[in-house]
Protein chains: 2
Amino acid sequence: MHNRCMIDARLITLRVFARCGTIGATAELTGYSPSAVSAQLRELQRVLGMQLLTKDGRGVRLTATGRFLVAGSDTLIADWESLRAAAMQAGDQVQSHFGLGGFSTAAAQLLAPLAATLRTTRPLLEVQVLEANPARCFDLLVAERIDLAVIVAMQSDTYAEDDPRFEQTVLLDDPLDVIIPSDHPLASRETVTLQELASEPWITEAAGSTYHSLFTAAFTAAGVTPRIAHEAVEWETQIAFVGAGLGVGLLPRLAPLRGAENVVRLRITGRGKPSRRIVAAVRRGSITSPLIQESLGILQLSANRILTARPEDDL
Amino acid sequence: MHNRCMIDARLITLRVFARCGTIGATAELTGYSPSAVSAQLRELQRVLGMQLLTKDGRGVRLTATGRFLVAGSDTLIADWESLRAAAMQAGDQVQSHFGLGGFSTAAAQLLAPLAATLRTTRPLLEVQVLEANPARCFDLLVAERIDLAVIVAMQSDTYAEDDPRFEQTVLLDDPLDVIIPSDHPLASRETVTLQELASEPWITEAAGSTYHSLFTAAFTAAGVTPRIAHEAVEWETQIAFVGAGLGVGLLPRLAPLRGAENVVRLRITGRGKPSRRIVAAVRRGSITSPLIQESLGILQLSANRILTARPEDDL
DNA sequence: ATCGATCATGCACCTATTGTGCATGGTTAT
DNA sequence: ATAACCATGCACAATAGGTGCATGATCGAT
């Protein structure tokens with residue numbers, strides 16, 4: 001039981017379970033074994049004298065009491081976080097451990113530099129970076145595995161913007177650029193409109209993936225219905241597809257083109273200039289922590305630096 | 001580390017230390033050994049990455065950060081207590097452990113019957129009663145050793161009535177009776193005034209004891225300056241003194257005369273009818289707990305029963 | 001100054017809490 | 001029917017967390 005928080009680890013586990021719904025998933029997320037989670041929850045019920053779980057089919061389910069407890073514990077966690085942050089500030093203290101989480105692009109482009117910076121400014125701080133998709137990032141925050149997450153804001157997220165467990169601050173609006181083969185007629189242009197690319201074969205992520213809704217949203221905003229020719233999971237793959245002349249695609253400006261062959265990045269202008277909003281999320285209450293504040297500043301700085309540098313330097 | 005609370009036991013220990021000021025006293029109060037307390041606090045500092053203690057002479061002292069943390073944790077504890085209470089109510093759950101504390105008379109006359117009643121109404125509940133003076137009762141509440149304390153309200157207490165850590169409810173005003181030898185000229189009376197007893201030799205507790213201030217307050221209110229002839233620590237001793245004809249004394253109506261020889265209990269009338277206020281104290285937030293509520297009801301009931309029964313039945 | 005009292009802490013050792021891995025039994029989907 | 005999945009019990013292992021004693025440091029009183 002590795003308690004970095006002052007709230008009983010078993011209660012944290014219960015909160016994670018409330019999200020996962022199964023012991024196994026809770027175990028995976030918390031880093032315990034399923035038996036350990038099972039034992040923890042049983043012990044928790046014994047100590048509190050409350051029945052929190054009921055058998056339900058082949059799994060278990062929260063009782064009304066359990067749901068009540070989980071919901072009520074939100075403010076408890078938030079209060080602790082803000083107390084800790086305030087104490088840190090008041091006493092000019094330094095944190096010893098700091099967990100960061102973010103989706104692929106963010107992890108590589110924002111979190112890695114942040115970690116590097118913190119390593120020099122705060123040599124005693126033990127920084128850990130976890131790559132994870134936005135949904136999992138929130139889960140990791142709840143599980144206290146990470147302290148700060150960088151995610152793309154999705155309107156259709158399970159996590160509402162005003163979730164009592166989190167506080168979110170906008171880091172940047174990451175514009176989507178178009179990548180096209182360098183032998184494409186439009187390749188010499190500096191900017192294009194989506195309308196100009198309406199008839200092109202498009203490459204996107206698999207339907208249902210994190211960015212697919214972003215993709216479609218961009219085109220509906222532009223009043224264009226794209227023809228989806230290919231699907232790729234990672235940016236690298238998509239870039240390679242474009243480089244091979246299979247079609248064109250959208251690439252967030254934050255994502256680097258690296259030394260991709262035969263691929264040109266163009267800014268989009270005109271109606272429906274698409275972008276993805278990137279936000280930082282922390283546990284509610286911890287936003288005032290000096291370390292969090294410093295990190296947010298660094299993140300914003302490097303985000304701006306990257307945005308202004310591209311695509312010019314990168315082409 | 002016996003966590004009945006969801007707040008880290010080490011933080012509780014820190015809170016106790018904040019009151020005691022020394023590791024040894026903290027150990028005594030929490031039930032740990034001094035080494036354990038020392039280790040806990042060291043570990044707490046490591047985990048939180050905060051310096052909470054400083055060497056100070058041959059002891060240790062809280063840093064500013066430490067004081068800040070302790071002060072801020074008040075609301076955290078209170079929030080947890082009220083959450084637990086609400087969950088108990090919401091889910092119709094039963095508590096498994098219940099700690100009671102009270103000063104001698106209360107322990108014998110109020111808490112013992114309460115414990116007995118709870119044993120029958122809630123067979124699964126494990127009740128523990130601790131006899132302790134009022135000041136220690138508050139400390140035991142902070143240390144989470146007990147959940148409910150019965151104490152005499154003292155205006156000159158270190159614990160203010162609006163301490164953020166506690167909630168107090170008046171149980172009863174316990175009138176002080178006079179006990180006199182049965183061969184005393186006034187022994188056949190039903191009631192007396194303090195003025196009538198002005199010239200008697202009085203028996204009281206040692207100066208500085210819990211009730212001595214109560215004693216003097218009673219007489220100043222009556223406009224009488226008593227002649228203190230003897231001092232006793234326990235009621236039993238005082239009663240014996242009176243029975244031996246050494247003088248007269250004040251006895252709370254709650255305190256039983258038992259089969260005391262040659263002693264008569266008289267009600268006091270007239271100006272300055274003295275009484276002591278007996279209140280129940282709980283950790284803030286827990287007042288809405290069903291168990292606490294039930295207990296308060298039972299306490300009030302048995303208090304009233306005892307008060308109306310005496311002195312008639314008891315003489 | 002000296003001695004004893006008080007206080008915190010380190011160390012060796014022990015305990016029991018809490019974790020893992022595997023096997024089992026119940027439940028659902030194919 | 002069979003396979004997949006899920007929770008849990010059990011044997012075992014790791015380790016966090018406890019006690020008791022010895023040590024060192026500080027303070028007060030003689």
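Proteins come first, then strands; the chains are lettered A, B, ... in the order of their sequence lines, and each starts at number 1. Remember, it's a predicted structure, so these values are computed and weren't measured experimentally.
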- Is a side-chain donor or acceptor of A:Thr30 paired with a backbone partner of A:Thr26 at a separation under 3.5 angstrom? yes

- Task: Would you kindly give the CD-to-C1' distance between B:Glu43 and D:dG17, to the nearest whole Å?
- Result: 10 Å

- Note on the structure: Per side chain to side chain donor-acceptor pair (under 3.5 Å), A:Asp74 is matched among A:Arg284, A:Arg15, A:Arg283 by A:Arg15

- Distance, rounded to the nearest Å, where A:Arg61 contributes CZ and D:dA7 contributes P: 13 Å

- Does the A:Asn133 side chain pair with the main chain of A:Phe103, one donor and one acceptor, at a distance under 3.5 Å? no

- Computed from five pairs at either end and rounded to 10 degrees, the angle between the axes of the helix from C:dA1-D:dT30 to C:dT30-D:dA1 is 30°

- Reckon A:Tyr32 has a side-chain N or O less than 4.0 Å from the OP1 or OP2 of C:dT20? no

With a cut-off of 3.5 Å and sequence neighbours excluded, list every side-chain donor-acceptor pair involving residues 58-66 of chain A.
| unit_1 | atom_1 | unit_2 | atom_2 | d |
| --- | --- | --- | --- | --- |
| A:Thr63 | OG1 | A:Gln51 | O | 2.8 |
| A:Thr63 | OG1 | A:Leu52 | O | 3.2 |
| A:Thr63 | OG1 | A:Thr65 | N | 3.4 |
| A:Thr63 | OG1 | A:Gly66 | N | 3.1 |
| A:Thr65 | OG1 | B:Gln93 | NE2 | 2.9 |

- Message: I need the CG-C1' distance between B:Asp56 and D:dA25, as an integer number of Å.
- Response: 13 Å

- Query: A:Phe166 and side chain to side chain contact (heavy atoms under 4.5 Å, CB included): which partner among A:Ile287, A:Val142, A:Val282?
  - Reply: A:Val142

- Going 5' to 3' through nucleotides 8-17 of chain C, assign each nucleotide B (protein heavy atom under 4.0 Å from a base atom), S (under 4.0 Å only from sugar-phosphate atoms) or - (no protein heavy atom that close). SBB-------

- Item | Between D:dA7 (P) and A:Gln40 (CD): distance, integer Å | 15 Å

- Message: Using only atom types and a distance under 3.5 Å, with no angle test, would you say the side chain of A:Ser73 pairs donor to acceptor with the backbone of A:Leu76?
- Response: no

- Nearest-Å distance, CD (A:Gln45) to P (D:dA7)? 14 Å

- With a cut-off of 6.0 Å (strictly less than), are more than 12 heavy atoms of other residues, nucleotides or ligands near CD of A:Glu43? yes

- Query: Taking atom C1' of D:dG18 as reference, at what distance in whole Å does atom CG of B:Leu41 sit?
  - Reply: 15 Å

- Message: Take a 6.0 Å sphere around CD of B:Gln293 and say whether it holds more than 12 heavy atoms from other residues, nucleotides or ligands.
- Response: yes

